[in-house]
Amino acid sequence: MRRDSRVSRHNRASRGRRDGSARRRIRRGIAAGLVTLLAATLAPGPAMAAPDGYAYPFQNPRLPLAARVDDLVSRLTLDEKISLLHQYQPAIPRLGIRLFKAGTEALHGVAWSNDHTDNGSVVTATATVFPQAVGLASTWDPALIQRVGSAVGDEARGLNAQNPTVWGLNLWAPVVNLLRDPRWGRNEEGYSEDPYLTGAISTAYGHGLEGNDPRYLKTAPTLKHYLAYNNEVRRDTTSSVVPPRVLNEYDRAAFEPAIAADAATGVMPSYNLVNGRPNTVSPELNDVVRSWTDKPLFNPSDAGAPANLTGSEHYFATQAEANAAAIKAGINSFTQDGTDPTGTVNAIRSALAQGLLSESDIDTAVGQNLSLRFRLGEFDPDGGPYAKITPTVVNSPAHQRLARQAADEAAVLLKNTGRTLPLDASKTKKVAVVGPLSDVLYTDWYSGALPYRVTPLAGVKERLGAGATVTGSEGADRITLKDVATGQYVTGGTGPGGAALAERATGPDPTTQFDVFDWGQGVLTLRSVANGRYVGYNWSAFVNDQTQPNGWFVQQMFKLEQRADGNYAIRYAGYESAYDWSQAYRTPYLTRQPDGTLNLGAATADAATAFTKDVVTSGRDSAVAAAKGADAAVVVVGSMPFINGREDHDRTDMGLAEGQEALVRAVREANPNTIVVVSNSYPTTLNWEQEHVPAILWTTHAGQETGHAVADVLFGDHNPAGRLTQTWYRSTADLPDILDYDIIAGDRTYQYFRGTPLYPMGYGLSYTTFRYDNLRVTSPVVDSRGAIRVSVDVTNTGSRAGDEVVQLYSHAQRSRVKQPIKQLRGFNRVHLNPGQRRTVTITIKASDLAFWDVTRSRYVVESGGYDLMVGASSADIRATGQVRVRGEVIPPRDLTRTTRAENFDDYSGVTLVDESKVRGTSVGSTGAGTWLKFADSSLERGTNRLTVRASNAGTAEIAVRVRLDDPVSGPLLGTARVPVTGDVYSYTDVTAALQRATGRHDVYLVFDGPARLSTFSLS
């Protein structure tokens, strides 16, 4: 595959910033002229009729989009325009405008939306559920992903035809945040740690969602979440510190491809701050993102983010200031206060009254907003070409087959020693399928309801048929809990609605039994044998009425804590128990109430009701019994998507749950032919399993067809070719703090990681083998504007047909800066029959080898040699070539020019902060001894003066010292002293004399206290 030139991308962005407003003015002028001409010639008065019998020109599909938009905007009152800036855009009957809702979740199938007629209540779709996003990307198959996106777009249209009030056509997907840290709670939502792969998959999914009509959209996908958002801990108040190279080469690079390819219609800014400024008011929404395309974009806020600006972030004093700043930055829709627009509307009116906004600002935002609705066909008499899609497409047989194919292709074979897999179905007569995920399929926060469920156990049974014996065990202990003081047992209700847990029975029976599932770090779920439902908290009682753990606070989590006396206390561990406003924060332990029910009531385990825990049946023993004597034992372990990392909850550990690993060990001891299937949403530290288990298969939670896909791979009906899209580390010790966003300085992701991972980026095994031969590069030397064609012969040397994912990586042999060890430049998934050879050619532009030059704030391709590495993963390189590029030699820094402090080469103890609340980035010193490095600076002209632009909100002046070549012991040229300026946004220019210096040096700016530095120069 090819990617856009990074150099031309920078030029396009720069040109877009210069010319974008001019283009928009020209388009508006042309459109206005057309509207005026039509109005003058076709109708006699202000409400002039459009041609062909349309009441208004905006209804005429023959007119250009801009003309239609401008006509409609001109007919709206100011109040009507303001009303369209809320997520729920109200109907305007006088113009025939219907209600429009922004935002239907559709990450891996249509998931859920909100019902405007029922106070915004959540409505979950029963529609085709494809593998989670990280699983879709693991296919490395953009053509397949485009088909999946098209199916999701069709189903969104079908549901919209059924109920347009609930199922809006602005889809909030895909998520293109990079999987920089595998502990991120939302790992399941992203595609890869690599921006190129993320761009390719998101573009494919977006194209599918949009359809292929040149003028109209099937649906309107919104990319989430702009920008540098990869942590849930304090996500609304933490600032991602992203230096310019990381910003351009990594984070922006993931978002640009889909926008530039017109495969997305806007971005949703994330909750976090970047370099000190909330993304909701980031100027990049206009200045950068809109420069990537000539199409109008629609940027909705994330839910509740506008209120964060005055709430948790304390960034603005009033909501009027906040909303004005958001609109000026490029927000088109406020997702705030559910269905109630009052707060948003009043704040915008207040901003207008205070002069913080002009009506033209409103017109611009509303015009972009309405452009989306025009492209969806809403204002066409026939609704556009996609209006004929009906609800019959939802979960159609074709989509079911596609879901199975996607689940097949997403599976990654991690280990396969001694040809353990595939199993021979004709010889496999007895199979044990055990483990906590063996006979269940879970949904996640962003999936719809499963129309049907094929579990791994069911898939294996179906594949082997009646002639085989397939036994199952969830490997969960079945227990009873008896009150030590009363001798009574905890019981649950027998009907589907269960009942409040209470001490009722004096002897054990099915109503007193609970299956215990271990999700790690002591967290358990309790499923009542009485009715097969999970126990959950409903804010007033504990009831066995839940089909699976679910909800924002996941109120089905518990811990059984052993007390010093050997008895147990039940600790409620729902997520809200971490918040001091909840009763569970103060008294998380369960106690017996006067009526016998159990409820929150104790602050400590010792003060809680004491229970004995008796094991009725051992889950481990039952799994071992099933595994003994079986031809194969399949242990299905993994995560519960609502518990083990999810929106608002990062992981702190990457291992399997302790009980699950113990189960794997026991089954492996009982049956040497043990296969582990890991079903989860993120990298896992499978160190013991990798060493001791013969075969390991990974699949994300793969939707309704999970069981078929598992069986397809286990029995060789599908030859696995999924590849990992991120590094699987051996330990959390391999990772820096989750809030460290500087992947270059922190040696993060496969690009910079210098350790040995458990499984590398791009890794995955096959049931066949492939040989790479005869790598060719079109030319040994290429101009920076030229193209590089890399060809290699790939041969299937095994006895089975299979897919190979041919991956191309590059490495700069020498550079002014720290470069990636390897960087993905292209890939191709190819199918080969046994013995078949195919020449695979991947073409890249020489300009794709560019990096962001901080000395001149632009992309540059350095002159020099580049290694071109082709292989089966980032660590399995099979063939290598070289190319020499005639590019640029980066000149020494010229610090006599005003230099932005953020454009440093290295740093210590500083952070990046907002220069103002509108735009710009400064460097914030955090204390004494912190420094910035500006490498290879030319002082040939000599220097005798330092000028800094800085702010100092402290109580004493701060010194900024200039040293050469070393921040501590290097020669001191001089010191500028920044006086107290009273506010972090109040800057002053300070000059200081310097000792004369010449030659080329690394220049250090060293701070002796906290201050903000915007720019500086040496002259």
Side-chain angles (χ1 to χ4, degrees), residues 122 185 232-237 304 311-312 442 444-445 479 481 483-485 490-493 497-503 514-528 533-564 567-611 613 639-653 657 659:
V122 172
E232 299 304 294
V233 56
R234 302 185 304 279
R235 61 179 180 168
D236 58 329
T237 56
S312 60
Y442 289 121
D444 60 54
W445 183 252
I479 68 169
L481 294 165
D483 188 328
V484 173
V490 178
T491 64
L501 294 194
E503 296 180 9
F514 299 88
D515 294 327
V516 180
F517 294 88
D518 178 8
W519 300 113
Q521 298 180 295
V523 174
L524 309 169
T525 51
L526 301 172
R527 189 181 64 196
S528 174
R533 299 295 179 96
Y534 289 87
V535 176
Y537 183 53
N538 62 12
W539 302 102
S540 62
F542 291 92
V543 182
N544 59 318
D545 63 349
Q546 301 294 303
T547 57
Q548 72 159 56
N550 63 85
W552 183 253
F553 291 112
V554 194
Q555 295 176 301
Q556 300 81 31
M557 298 190 293
F558 300 88
K559 294 183 178 183
L560 294 179
E561 296 185 1
Q562 192 165 22
R563 308 188 334 169
N567 296 313
Y568 288 84
I570 305 173
R571 178 171 184 153
Y572 172 60
Y575 281 140
E576 82 275 16
S577 61
Y579 298 95
D580 60 8
W581 50 259
S582 71
Q583 182 182 352
Y585 179 84
R586 299 182 298 276
T587 56
Y589 292 92
L590 274 60
T591 59
R592 184 184 189 277
Q593 305 300 303
D595 62 355
T597 61
L598 297 182
N599 216 317
L600 302 172
T604 66
D606 288 340
T609 299
F611 297 94
K613 183 184 76 171
S639 71
M640 199 289 129
F642 275 81
I643 294 174
N644 299 115
R646 196 210 70 187
E647 181 178 358
D648 206 39
H649 294 280
D650 295 317
R651 293 188 299 151
T652 58
D653 179 77

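Just so you know, residue 1 is the first one in the sequence shown, and it goes up from there. As the structure is a prediction and not an experimental result, all values here were calculated from the model.
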Donor-acceptor contact present, side-chain Y579 to main-chain A584, <3.5 Å: no
Nearest heavy atoms of G574 and S577, plus distance in Å: O-OG, 2.6 Å
pair H649-V554: side-chain heavy atoms closer than 4.5 Å: no
Any donor-acceptor pair under 3.5 Å from R527 side chain to F517 backbone: no
Check: R563 side chain, A605 main-chain N or O, donor-acceptor pair, under 3.5 Å: yes
W539 vs Q583 side-chain heavy atoms within contact, under 4.5 Å: no
Side chain to side chain, R235 and E647, heavy atoms closer than 4.5 Å: yes
T547 and R533, any side-chain heavy atoms less than 4.5 Å apart: yes
Distance-only side-chain donor-acceptor flag, Y537 / E576, under 3.5 Å: no
Check: F514 ring centre within less than 6.0 Å of F558 ring centre: no
Close side-chain approach of T525 to M640, heavy-atom, < 4.5 Å: no
Beyond-backbone contact of Q556 with V535, side-chain heavy atoms, under 4.5 angstrom: no
Cut-off 3.5 Å, no hydrogens considered: what does the side-chain donor-acceptor table look like for residues 591-598, sequence neighbours left out?
residue, atom, partner, partner atom, Å
T591, OG1, Q593, NE2, 3.0
R592, NE, E503, OE1, 2.9
Q593, NE2, T591, O, 3.2
D595, OD1, T597, N, 3.1
D595, OD1, T597, OG1, 2.6

Pair I570-Y568, side chain to side chain contact (heavy atoms under 4.5 Å, CB included): steps then yes or no: CA-CA 7 Å; I570 305 173; Y568 288 84; over 6 Å; no
Polar side-chain atom of N644 near backbone of W519 as donor-acceptor pair, under 3.5 Å: yes
Whether W581 and F553 hold their rings parallel, tilted or perpendicular, with breakpoints at 30° and 60°: perpendicular
Euclidean distance, Y572 OH relative to K559 NZ, rounded to 0.5 Å: 13.0 Å
Any donor-acceptor pair under 3.5 Å from N544 side chain to G498 backbone: no
Within-4.5 Å side-chain heavy-atom neighbours: F642 and Q548: yes
Side-chain heavy-atom pair L501, V543 within 4.5 angstrom cut-off: no
